[in-house]
Number of protein chains: 2
Amino acid sequence: MATTIKDIADKAGVSISTVSLVLNQKGYVAPVTKKKIQTIINDLNYRPLHSARKLATRQTGNFGFILWEGHFSEVEMFYSQVFLGMEYAARKNDYYILLTTVREGFDPREDLPRFLRYKDVDGVALAGRVPEPLIRYLDHQQIPFVLIDYEIPGENFNCIKIDNYNGAFRAVENLILSGRKHIAFVGGTFFHPSIKERYRGYREALEKHGLNHNNGNGYSYCENIETSRSIGEKGIMQLLEKYPEIDAIFSCNDTTALGVISGVHRMKKKIPQDIALFGFDDIPTAEFSTPKLSTIRVPKLEIGKEAYKLLYELIQHPKMAPQTRIISVDTVIRETSSSE
Amino acid sequence: MATTIKDIADKAGVSISTVSLVLNQKGYVAPVTKKKIQTIINDLNYRPLHSARKLATRQTGNFGFILWEGHFSEVEMFYSQVFLGMEYAARKNDYYILLTTVREGFDPREDLPRFLRYKDVDGVALAGRVPEPLIRYLDHQQIPFVLIDYEIPGENFNCIKIDNYNGAFRAVENLILSGRKHIAFVGGTFFHPSIKERYRGYREALEKHGLNHNNGNGYSYCENIETSRSIGEKGIMQLLEKYPEIDAIFSCNDTTALGVISGVHRMKKKIPQDIALFGFDDIPTAEFSTPKLSTIRVPKLEIGKEAYKLLYELIQHPKMAPQTRIISVDTVIRETSSSE
DNA sequence: AGAATATATTAAAACGTTTCGATAAAACAA
DNA sequence: TTGTTTTATCGAAACGTTTTAATATATTCT
């Protein structure tokens, strides 16, 4: 069969325990024996059997990655990239990332992901909008977890956040500095805290430059449903109907921005000549729209990596106080915002 | 601590073995004891510890899902959806799917995915174009595997295939029946067997309707690099330059088709009035392009499901002969192909 | 009735690792 | 010198299951 720790021990003329010690870099083992053991391990290409190790250590060696079903099926590759970032980072410590989705109407008694039901993970990452009952469950069960791009207001959970406020602020300021005066916000639900922050960035940028309308709320279109392409298209058309003077748009995310492009087009206006546009996220498609979308780039792989690192620290130091880590963003100028 | 099989046994006044038997539905156990044990299991919400079970059975309870790095980062959500289909199917048997990517210049000695290096999977699915050395490695190591949407010519491996030929044939025939006479093929590399099949479908549909040009090769643009948006844009522009009579296009996949839309647009022609267009895959974006893309839908979730099922059968019956299962496709008519 | 077979339960071994405590030699301190 | 600490190694228990073979009882067959 496959070679076991015993084979190594026998061949090296030492006990199993000693081999285990060098495997885990623990305790004292003489440099010379250590070297000998390591050579044999290499020669025989030996790898400790994970299930045995896990049984002994009572760790699982897995992290869960939970995504709301809708996110994963969406057009955008946003969260898939975040996942990939985690997977890359996990390679260092030989952790596996178990990916699963949860339904909208999540019920902890029914829909609990298998890896939670079977306690097959040491911790979990939750990406994007995720059912609150699930978060409560994890908190209650004392399972280490980190939220990605999400938060529960008033609660202090471990969390990787995007610098939404500054990104939005910069996007809008960029629009302003290129000479635009009537800047609209097109977004979806405020149910998602990130969108709320982006809206705040939008408003404060306007305020800073004295460009307020509508009691400091700017021109904004927000529907209380998920942000998406159709929201963008419908939103900007209604807005232009009402405020034909609009000459720039900041869209809550790229997907919505792509809808905005269609909408503006259907209203017989030109981007960027008549109307400039900024998105948020820098999803891969942004580079391929016509015209190419200016946007705020959020480093998705890095988010995944940070989430992993935080999770890993969390299980090393179980009593660690909850942390929030903010990932900064970059401005990427393409065609939709170039100065006329 | 967590409840173990021993707790159940004690509480039920039976031996550990008996509990194990009902857990695994094996051997003989009296209906009354079985019921009693099951009740206790439910009451205590007991789940067998996977690592212990795995250690005893010498199975891992995992399947690997390997993707070429490029595929995963691509704009399209194609393979992510296939993965999700596997994950859904795996829920039934409590299998986990471990997702990872491999680099282009794959070297089995260097880049072997962790779950292979540590023998942490009972089998693996390989999606799309994947390095041949990896396939050879799996074959040689006798690790059960199934190829998804790929094959090695002349080899008989387990394989889930898309009905590329018929899909292409139907798309092109649809174009023909709506009155088009000069139909071009825009595609990328023939390195991928699926593309080759789609090209064959294209040619044979032309032939059937006596619409041949260029020695039966039609109008075709193929570059020996990966298929993508830019190929589509560049390809159709060159083709139109040379053959201005082209009035329809079949594109090797949707991503390329999106590029074709740009290209046609830049050549000052209108879709579908001047030129009709068909894609292949039905990626989510296809529904949101302007005009909306007609295409051949390939059921991605179902592909994942079939891959899982085949893999599962494979480990139940290790001596099973290699199988090829073909997933059929649907025609979806949207705006780019509507009759003028 | 006796033999064979089907039903029901269990003790104990096995799976491959980690870790605790014991033991012993070597190094150091007084 | 003796006693303490540090270094080095190991035996054995533990982790929570499955599985094999043994045992016991009940049922069926001749």
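Below, each value reflects all heavy atoms present in this structure, side chains not excepted, and no hydrogens, waters or symmetry copies. In what follows, chains carry the letters A, B, and so on, assigned in the order in which the sequence lines appear, proteins first and then strands, with residues in each chain numbered from 1.
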- Between atom CD1 in Ile8(A) and atom C1' in dT17(C), what is the gap in whole Å?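 In whole Å, dT17(C) C1' and Ile8(A) CD1 are 13 Å from each other.
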- All pairs passing side-chain hydrogen bond (donor to acceptor under 3.5 Å, both in side chains) where residues 29-46 of chain B contributes a residue, at least two apart: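 Residue pairs with at least one partner in residues 29-46 of chain B: Asn45(B)-Arg47(B).
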- Using only heavy-atom distances, determine whether the side chains of Asp94(A) and Tyr118(B) contain a donor-acceptor pair under 3.5 Å.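 On atom types as modelled, these side chains qualify, holding a pair under 3.5 Å.
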- Task: Taking atom types as modelled, find out whether Ser51(A) and Arg53(B) have a side-chain donor-acceptor pair closer than 3.5 angstrom.
- Result: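 Arg53(B) and Ser51(A) do not have a side-chain donor-acceptor pair below 3.5 Å.
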- Item | Closest-nucleotide 5' rank along DNA chain D - winner of Ser15(A) and Ala52(A) |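 With Ala52(A) and Ser15(A) compared, the 5'-side residue is Ser15(A).
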- Query: When the ring centroid of Tyr96(B) is compared with that of Phe63(B), is the distance short of 6.0 Å?
  - Reply: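 No - the distance between ring centres of Tyr96(B) and Phe63(B) does not fall below the 6.0 Å cut-off.
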Looking at [N], I'd like to know if its phosphate oxygens (OP1 or OP2) sit under 4.0 Å from a side-chain N or O belonging to [X].
X        : N       : value
Arg58(A) : dT18(C) : no
Lys26(B) : dT18(D) : no
Tyr28(A) : dT23(C) : no
Ser20(B) : dT17(D) : no

- Item | Distance-only donor-acceptor test, Ser17(B) side-chain atoms vs dA11(C) base atoms, 3.5 Å |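 Indeed there is one.
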- Message: Using a distance-only criterion (donor-acceptor N/O pair, under 3.5 Å, no hydrogens), is the base of dG16(C) paired with the side chain of Thr4(A)?
- Response: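 Between dG16(C) and Thr4(A), which were checked side chain against base, a qualifying N/O pair under 3.5 Å is absent.
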- Item | Position toward the 5' end of DNA chain C (nearest nucleotide), Thr57(B) or Val32(B) |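 With Thr57(B) and Val32(B) compared, the 5'-side residue is Val32(B).
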